[in-house]
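Here the structure is laid out as structure tokens; the discussion comes afterwards.
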Amino acid sequence: MPVARPESSDSRIIAHVDMDCFYVQVEQRKQPHLRGQPTAVVQYNSWKGGGLIAVSYEARKDGVKRSMRGDEAKKVCPQIQLVQVPVARGKADLSIYRNAGSEVVSILARKGRCERASIDEVYLDLTDAAETMLKETPLESLESINEEVLKSHVLELSSNGNDDKELVREWLQRRDADHRDKLLACGAFIVAELRLQVLRETEFTCSAGIAHNKMLAKLASGMNKPAQQTIVPFASVKGLLEPLPIKKMKQLGGKLGSSLQIDLGVNTVGDLLQFSQEKLQDFYGVNTGTWLWNVARGISGEEVEGRLLPKSHGSGKTFPGPRALKTLAAVEKWLKELCEELSERLQSDLEKNKRVAHTLTLHANAYKSTDTDSYKKFPSKSCPLRYGGGKIQEDAVNLFQAGLREYLGAYIGSQCGGWGITGLSVSASKIVPIPSGTCSITRYFQCRDQFHSSSELSDEKFIPEDDLLSPSRSESHPAPHQTEQQTECGGEEAPVTYDITSFDQYENACKDEQASSDITREVSHLLSGAESCSTPKQNERQLRLPGKESKMKYPSDGIRSYGQKRKATKEKGTSSILRFLQSNSCSTSKQDNVSALQETKPLSSVVQEPLVMESESFPGSQNGRSTNTWSYKADEIDQSVVDELPPELQEEVRTWLRPQKRANMVKQGSSIAHYFPPSKNEQRNPK
Ligand code: DCP
């Protein structure tokens, strides 16, 4: 659910920088003969020439669109150069684009707080830099102004159709301009300089929007592409927003936007302006009502986060048409590839950036052949993330089975056919830095991974005796409702594990823990300082589960031997890691319990954490959820991971995460040779 954040001053200077036809530019840098040529990057799957994922501006002029396949693009533009994305593990390997994005980020971050919003998009907070510039360099006294700054589009001027360079110069140097506009003018100088630095150092062009907040900057960056920048003065905000379709606004592409249309007859932002704050609050609650009222006026207090690294990692693949996966074995084979890639990236993030991810999510696109409710989507599923390719794969398979079971209906076995998977992806989110003093983290995880993989046949893995879903269980994988969490690594001994057969049971297990304070104390003691919040779940005790007679076996001496061995093998420097992992485990558990309370599903024990696009709701809607859940999900999804989802999923997620680019955006030559596009007068009067 969108939440109104505290309004910040509207004299912030925020830029949104978006690379132009990014993958094409990366390929053109690699193969310079492609520069200036109509070029497109195509997907790995070569059916009908491959799906286009990036199209150069030269090709766009000839009518090539991203929705086309290579064969179709060749028909409309016979000279088009098609470049296939690099391939690894039988799927697209996006590392070169990701790395190229990082190069750009490192340059843009020089001037202010920088948030990497996707593989090719960045927000910058340039307020301090602009204030400093204004103090040190009065703009009105500048004798010469860089061409790139003069090529800026100033919305106030554009709306009169008069934004030629002289008028832009006058606007930038107005003595009577208010403080906000003067700061924006400084922002234009700074962004133009940064864009030139990006060009010089990486050979990539980019476009930018410069405004008083993120929402407006993002709307503006796509208005004049490629290689141009657009300024949104305060006075132009109303004119910019009023005509925009409500569904094109960020976070209004889904049910909330539909409700505005259906329930309030709001189709444009201008329509929304007619509603008082009280009326919107009455209808959608205080938070969302306030947020909507603000959005209509271009008010947004959302901060630039100061994050140079992605918020999540993902790996996905589509299986269109006849390639759809129709057996569990085929799904498992691909999950293995996807999870290995994800695991490598997590490992690399851990080593390079000292960050760990906490949540694993599986998304899929599916169909049923004999289907009466084909609208039903395959539910996204999440669980706490365990490091190591094997563990991630095992959990992903479990999540898939849980999703499939829910998708097909409660008691239908997942292997009985009649279904197909056309898109599959795994992602890791809730990535946080590990605390200082964890220099041996890599060794710790390596140890844990080996340990986990060797433990898979361990006797200490308990499986509930009654398994209602056994028909759908494959022999080599535990059923999804046996989500297993291993929170500790202790040298050679088998891990202490716990199984959760449902949220109810999980909750009861937690309550039971409190009652068994003797065990808790013992474990706390044995774990030498680690908090006891998660350990009792690791201990083997007998639980009587509500509604079922499921039992778990708990050899009590396991607790002592585990803790003692762990203590004996503890390495110097790892205690904070262990504490860290334990506290994470603790918080995850708490959160899981909250989720469980929100939507307990009898046949699914995995943490229910659907993506925002599946769970969008708002107070007042029929199937609404709490505000917290909604906005939390939205924040958790990173654009960069969306880029890596299968296209069908991307479309859906993108509706949520980014406003559409304006249909009437100016399209001009894009190659580096054309970095300086024709003057605005030429654009308006093409010969
Ligand atoms: N991308 C993708 N699949 C999609 C959309 C995009 O793989 N369905 C990749 C290729 C793009 C990159 O992400 O180059 C950035 O996407 P953008 O939407 O920003 O589009 P471009 O950068 O290609 O073009 P533009 O200049 O319009 O921003």
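Ligands are counted one by one from 1 in listed order, and the atoms in each one are counted from 1 as well.
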Worksheet item: Which is closest to atom 16 (O) of ligand 1 by heavy-atom distance: Glu27, Glu121, Arg66, Arg60?
Response: Arg66
Item to complete: Using distance alone, decide if ligand 1 has a nitrogen or oxygen within less than 3.5 Å of any nitrogen or oxygen in Asp20.
Response: no
Worksheet entry | Location of contacts on Asp120 toward ligand 1, heavy atoms closer than 4.0 Å | side chain
Item to complete: Closest by any non-hydrogen atom to atom 9 (C) of ligand 1: pick that one out of Tyr23, Tyr97, Tyr57.
Response: Tyr23
Worksheet entry | Centroid-centroid under 6.0 Å between Trp419 and Tyr407 rings | no
Discussion item. Below the 3.5 angstrom mark, is there an N/O of Val24, backbone or side chain, next to an N/O of ligand 1?
Written reply: no
Fill in: Ligand-side contact atoms (ligand 1) for residue partner Met19, heavy atom cut-off under 4.0 Å
22 (O), 26 (O), 28 (O)
Worksheet item: Should Asn146 and Leu196 count as side-chain neighbours, where that means a heavy-atom distance under 4.5 Å?
Response: yes
Worksheet item: Cationic tip of Arg323 within the cone over Phe319's six-membered ring, i.e. under 6.0 Å and within 45° of the normal?
Response: no
Worksheet entry | Pair Ser56, Glu58: side-chain N/O donor-acceptor within cut-off below 3.5 Å | yes
Worksheet item: How are the rings of Tyr23 and Tyr97 set to each other: parallel, tilted or perpendicular (split at 30° and 60°)?
Response: parallel
Discussion item. Regarding ligand 1, does Phe22 bring an N or O atom to under 3.5 Å of one of the ligand's N or O atoms?
Written reply: yes
